[in-house]
2 protein chains.
Amino acid sequence: MAKPKPSKRHRAKDDSLVDALAHAAFVTMAVLNKVGAEHDLSLTQLRVLGILRDRRPRMAALADYLGLEKSTMSGLVDRAEKRGLLARAPSPGDGRAVDVFLTAEGARFAERVHARVQDALSPLTTRLGPADQRRLQDLLERMLDSHET
Amino acid sequence: MAKPKPSKRHRAKDDSLVDALAHAAFVTMAVLNKVGAEHDLSLTQLRVLGILRDRRPRMAALADYLGLEKSTMSGLVDRAEKRGLLARAPSPGDGRAVDVFLTAEGARFAERVHARVQDALSPLTTRLGPADQRRLQDLLERMLDSHET
DNA sequence: TATTGTTATACTCTATAACTATA
DNA sequence: TATAGTTATAGAGTATAACAATA
């Protein structure tokens, strides 16, 4: 009973907000993917760097945040560590835990990449006028608000 | 000199439109990924099915559309074909080309998955009121407009 | 010669399962 | 016993390079 059925949707290409949202997500991801590739980073590695810009989580917290298994996390951190972008250290409070953080080089690299992401994404957003940009940001933030991820 | 520096951005979590956009993209992708996983589909396979819902492209066109190498496309199509979701057929006009299309089963499956995507994404969008939903859709569409991808 | 697609190869990403060390 | 992390293994996704068939 509850759900008011979508009635007769005529199945155009992008006829709903969720389709527009999915489309926007794919386009955005394509850009992020490209920027990542320019720096030899997968989307996941890009994200790891972004997270580590202002955090120093344990392996488990990082895996949780990314929605990945801890074993997957080990591999990701291994490879990035091998490149000198981040490092591991025993966690102070817990003898089992391992903290992850950017190296000095990794931090510089992460800032460079972040700047490139901004630049690469801006052609998209600047298609809108300043007022619309504010509106869009506001709507997106309200939509994501309290959707902790 | 050139770039008007962002002045004193205090580096909050999401303080710019591009960050909000990237965040929205990651959240959306996480949902799509989850729906895909429920059906044993990667994000890419999910997308392939979505594209094939109303198209019958050649391998090369499909690869182009997804931004992948043709060899990658071969593997993706191989696996989906093995599952009976899609099929290949020689392209009428060109003896070298191969058309790809959904099987009857694949088409049913694709519709089911699409419905699930709508459902899974709607909790996000319905956080906004109806008027805001229309505004957001409009802004996204205008942003993506003429950005063929 | 150029284009379409496949195959071979290699590496990253990912999960599951088994393991070690600490709590 | 339960938790944090690593290692081993296997499969999907991806690109590059070499190839066959057609244009």
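Quick note on labels: first sequence line is chain A, next is B, and so on, each numbered from 1.
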(request) Starting at CD of B:E69, measure out to CG of B:D64 and round the result to the nearest 0.5 Å. (result) 9.5 Å
(message) On the six-membered ring of B:Y65, is B:R55 placed so that its NZ or CZ lies under 6.0 angstrom from the centre and within 45° of the ring axis?
(response) yes
(request) Look at the side chain of B:T103 and the backbone N and O of B:L85, then say whether any donor-acceptor pair between them is shorter than 3.5 Å. (result) yes
(request) Measure from the side-chain N and O atoms of A:R56 to the backbone N and O of A:V100, and report whether any donor-acceptor pair falls under 3.5 Å. (result) no
(message) If I take atom CG from residue B:N33 and atom CG from residue B:L41, how far apart are they, to the nearest 0.5 angstrom?
(response) 10.5 Å
(message) In this structure, how many angstroms lie between the C1' atom of C:dT12 and the CG atom of A:L46, rounded?
(response) 15 Å
For nucleotides 20-23 of chain C, which of its nitrogen or oxygen atoms have a protein nitrogen or oxygen under 3.5 Å away, and what is each distance?
{"unit_1": "C:dA23", "atom_1": "OP1", "unit_2": "A:G95", "atom_2": "N", "d": "2.8"}

(request) Provide, to the nearest angstrom, the distance between the NZ atom belonging to A:K82 and the C1' atom belonging to C:dC11. (result) 12 Å
(request) Mind listing the closest non-hydrogen atom pair of B:G36 and B:L46 along with its distance? (result) CA-CD1, 4.3 Å
(request) Classify the side-chain pair B:Q137/A:D19 by whether it contains a donor and acceptor separated by less than 3.5 Å. (result) no
(request) Please report, rounded to the nearest Å, how far the P atom of D:dT14 is from the CE atom of B:M73. (result) 9 Å
(request) Take atom CG of A:D78 and atom C1' of D:dA8, then tell me their distance rounded to the nearest Å. (result) 13 Å
(message) Could you report the tightest heavy-atom contact between A:M73 and A:V48, atom names first, then the distance?
(response) CE-CG2, 4.1 Å
(message) I want to confirm an ordering. Mapping B:S42 and A:D99 to their closest nucleotides on DNA chain D, which one lands closer to the 5' end?
(response) A:D99
(request) Find the distance A:E81:CD to D:dT7:P and express it as a whole number of Å. (result) 11 Å
Within the sub-3.5 Å range, which N or O atoms of nucleotides 14-17 of chain C have a protein N or O partner, and how far apart are they?
{"unit_1": "C:dT14", "atom_1": "OP1", "unit_2": "A:T44", "atom_2": "OG1", "d": "3.3"}
{"unit_1": "C:dT14", "atom_1": "OP2", "unit_2": "A:T44", "atom_2": "OG1", "d": "3.2"}
{"unit_1": "C:dA15", "atom_1": "OP2", "unit_2": "A:E69", "atom_2": "N", "d": "3.0"}
{"unit_1": "C:dA15", "atom_1": "OP2", "unit_2": "A:T72", "atom_2": "OG1", "d": "2.8"}
{"unit_1": "C:dA15", "atom_1": "N7", "unit_2": "A:T72", "atom_2": "OG1", "d": "3.4"}
{"unit_1": "C:dT16", "atom_1": "O4", "unit_2": "A:S71", "atom_2": "OG", "d": "2.6"}

(request) Find the distance A:Q45:CD to C:dC11:P and express it as a whole number of Å. (result) 16 Å
(message) Rounding to an integer number of Å, can you tell me how far A:D40 CG sits from D:dA15 P?
(response) 13 Å
(request) Write down the distance between CZ (B:R58) and P (C:dT3), rounded to a whole number of angstrom. (result) 13 Å
(message) Holding to side chain to side chain donor-acceptor pair (under 3.5 Å), I want the full list of residues that pass it with B:R88, two or more places apart in sequence or in another chain.
(response) B:D78, B:E81
